[in-house]
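Order of the sequence lines sets the chain letters (A, B, ...), proteins ahead of strands, with each chain counted from 1.
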Amino acid sequence: MPSMDSSKGTDEISFNMMNNTNEGLVRLGKNNKVEDGMATKMTQSKDGKTWTFTLRKGAKWSNGDEVTANDFVYGWRRTVNPKTGDQYSYIYSGIKNADKIINGKKAVNTLGIKADGKYKLTVSLEKNIPYFKYLLGFVPFFPQNQQFVEKQGKAYGTKSSAVLSNGPYTLKKIHDQVVADSNTALNQFQSGKLDAATLTGQQVKNMLSKKNMVVRPMGRLAYLEFNRKDKKVGKAFSNVKIRQAISYALQRKQLVKNVIADGSLVAPGFVTKDLAKNPKTGADFTEDADADGVGISYDKAKAQKLMKEGLKEVGLKKLEFTLSADNTPQEKNTAEYIQSQLQKVFPQVKVENLSLPYKTRLQRSASKNFQAVITLWGADYADPSNDLNIMTSDNPQNNGSWKNAKFDKYMDAANNAGANEESERWSNMVKAEQELMKDQGVVPLFQTSKPQMMNPKVKGVIYNTAGTPFNFKEMYVVK
Amino acid sequence: MARYLGKRIFYLVLTLFIVTTITFFLMKLMPGTPLTNQEKLSPEQIALIYKQYGLDKPVWVQYIDYLINATHGDFGTSFQFSDQPVSYLISSRIGASVQLGAQAMVIGVIIGIVVGAFGAVKRNTWMDSATTIISILGISIPSFVLAVVLQYFLGLKAGWFPIADWGGFSYTVLPTLALAMAPLAESARFVRTEMVDVLSSDYIELARAKGLSKTGVIYHHALRNSLIPLVTIIGPLAVNIMTGSMVIENIFSIPGIGNQFVQSVLTNDYPTIMGLTIVYSFMLTIVLLLTDIVYGIIDPRIRISGSRG
């Protein structure tokens, strides 16, 4: 159990625990529906830059203290305080002065959050953040009891006696260790000791016929990135036809069904399925963007033709490159599939595989020390911009240095000038996604999933694909 | 004896220092950051957090800082377990590992001695062959395979013991068995060979000729003399158990330090890697030191030559 400190946690386990023992201003329900949390009323100013919240009276911390507006001010300030070293503080970007405070250029108390008495809270933003309401239900925005945190000092959040909660459940005891071995978890599930167990690889195949298996899609995408700055193959990867050819050559259905076979889904585009819905029609973002029609379907003849033309355009006869991937079974198998598939479809292409430990892969991607790499990206909040923003030309996560003026323009409009107008913003993001897919700036491979065995007697579990996956507030067990 | 001990303790400290130094610099060669949210952070954000933790300083400065802090009992704070002090992380987990290791060692060696002695006494009968087969299997089956087999049959199918977790004696049975098999087999094989040797030696013949009973000879002369060399393999066996426990703890979800060690290496959790390296090397050198001392007690020849050297 890594951390129960909302200014420190970064992993899914910590987030799940805090989400169910604590409560932010709002709580994210089914399909990321924003439900009342600590705030009973919230209003946004016309320009979208000021939010005011009225807090529930009489809400208590588990030590009996009342939860007040000050607890939010303290918690938020502590998260952006560079001394805390929170690895999620960047998510505050857009709240007044947050970036400057994180960079140590402004005092912590200049953060755009103010308590007005015990039950009123005002938040000022630098610009309208359309997805702000989702952030309010995300763990790094949870309140903290100043007196308690300061009294616990370094121990805060590290053991059950050094944790306070204000949410649906109270933490009695931190079960020291998470079941790390998936075989053990499955055995424990089958003996009735666990109510849920996450499966991996081969286990999924073995359990598919059992009715207690649930496959939950995650807001996490695996995609192929090409390094346009690479000395040897950068020129080839800068050619749109070559990128398109690679995408058309992949049979994603075969990949997820026969190769990975752990319940992962065919990539619906760059933005994942079940992440965000059209605010007007309720259609899933992936349906509106329909990336399938613009470049990620399998078409061997088209792929071969594009590759031939592309190579001719850049003056090459052959394309040889190294494909890096994590050394996990999922990524290794995917890399091997890509290698064999590309070499089968294109006689001119030769792929070499390089399997790396996760941290090494990240390091190499960040320092542009790769030719092609399988990257994974997961969304923290239910808005397509959380995925799309990393592909803008100046984003540090755009490892392959893909640059497309149209895409940048659409995203700029969605994030800035057009941020206040919901449906216009939506259509800008749809256009951006379509541009990315037409250009195959990256080649989407699959959307990861969480295959689980679930005790059918446990009901009311709310699962979301982005941010904190599990909300147990309405969970119950039938006899 | 005091001089002998003093010299051994000096070597112990020296060994610890060398291990610490090598580990520190090797660890810094590993690519990647210790940050747990690295894939979401930009290089600037990483640089900021690095500054916060003093990781932006040159490696040798970090090394000296570490040594100074460590001698004051401050082993830093963990990255994977956001800011938990490494000393707390280790102290709250080491109990389970030590208990498991000690149980496996004691049970393994005792049963091993019995099995080995039995085999030697009943040499060249079917019972001897049975003990040989047991020790060959014990040596050749890796502990993690045995662990999964035990977990499945005795835990899930028969339901006699908990499948995993930690909390009371019944939880320790399966992991102890899985870990104890290797020392059991090793010591059984060792004791059998030694005892066969001893049983055919002249002084045993003499003892028998003096009119001592067969059990008396086996117990007083043969067993004691064949156990002396066994002490020399206790050290390597302890190493075996320590490395084996890393996997076993993972399989049985035991909150120990073995599992923690593997995780800290995979996540570049520098302070935890260092803390656990020191703990492991300390335990190892202590086991080796104890082995030497015990050996001296059992075999007076070593004690005498030791005090001279």
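To the nearest 0.5 Å, the span separating CG on A:Leu186 from CD1 on B:Ile163 amounts to 9.5 Å.
For a residue to count as touching a neighbouring chain, one of its non-hydrogen atoms must lie under 4.5 Å from one of that chain's; by this rule A:Tyr358 touches chain B with the side chain only. Proximity to chain A (any heavy atom under 4.5 Å) is restricted, for B:Ile49, to the side chain, taken from C-beta onward. Neither the backbone nor the side chain of A:Ile91 has a heavy atom closer than 4.5 Å to any heavy atom of chain B. Of the atoms belonging to A:Pro357, not a single heavy atom falls under 4.5 Å from chain B. Heavy atoms closer than 4.5 Å to chain A are found nowhere in B:Pro162, neither backbone nor side chain. Only the side chain of B:Leu156 has a heavy atom closer than 4.5 Å to any heavy atom of chain A.
Among B:Ile46, B:Leu266, B:Thr77, B:Thr33, the residue with the largest count of heavy-atom pairs under 4.5 Å with chain A is B:Thr33. Of the listed residues (B:Gln45, B:Gln151, B:Lys40), the greatest number of heavy-atom pairs within a distance under 4.5 Å of chain A belongs to B:Lys40.
At least one donor-acceptor pair closer than 3.5 Å links the side chain of A:Lys359 to the backbone N or O of B:Leu35.
Contact residues of residues 382-398 of chain A toward chain B are A:Pro396, A:Gln397 (heavy-atom distance under 4.5 Å).
Not a single salt bridge (Lys or Arg N to Asp or Glu O under 4.0 Å) links A:Asp99 to another residue, sequence neighbours left out. B:Ile286 pairs by the side chain to side chain contact (heavy atoms under 4.5 Å, CB included) definition with B:Leu12, B:Phe282, B:Leu290, not counting sequence neighbours. Remark: A:Tyr134 pairs with no residue by the ring-ring contact (aromatic ring centres under 6.0 Å, His included) rule, at least two apart or across chains.
Across B:Leu41 and A:Tyr90, no two heavy atoms sit closer than the pair CD2-CD2, 3.6 Å.
The local environment of CZ in B:Phe25 is crowded, with over 12 non-hydrogen atoms from other residues, nucleotides or ligands closer than 6.0 Å. No more than 12 heavy atoms of other residues, nucleotides or ligands shown are found within 6.0 angstrom of NZ on A:Lys100. Counted within 6.0 Å of NZ on A:Lys151, heavy atoms from surrounding residues, nucleotides or ligands total 12 or fewer; the atom is thus considered open.
A 4.5 Å side-chain heavy-atom check between B:Gln38 and A:Gln363 finds at least one atom pair inside the cut-off.
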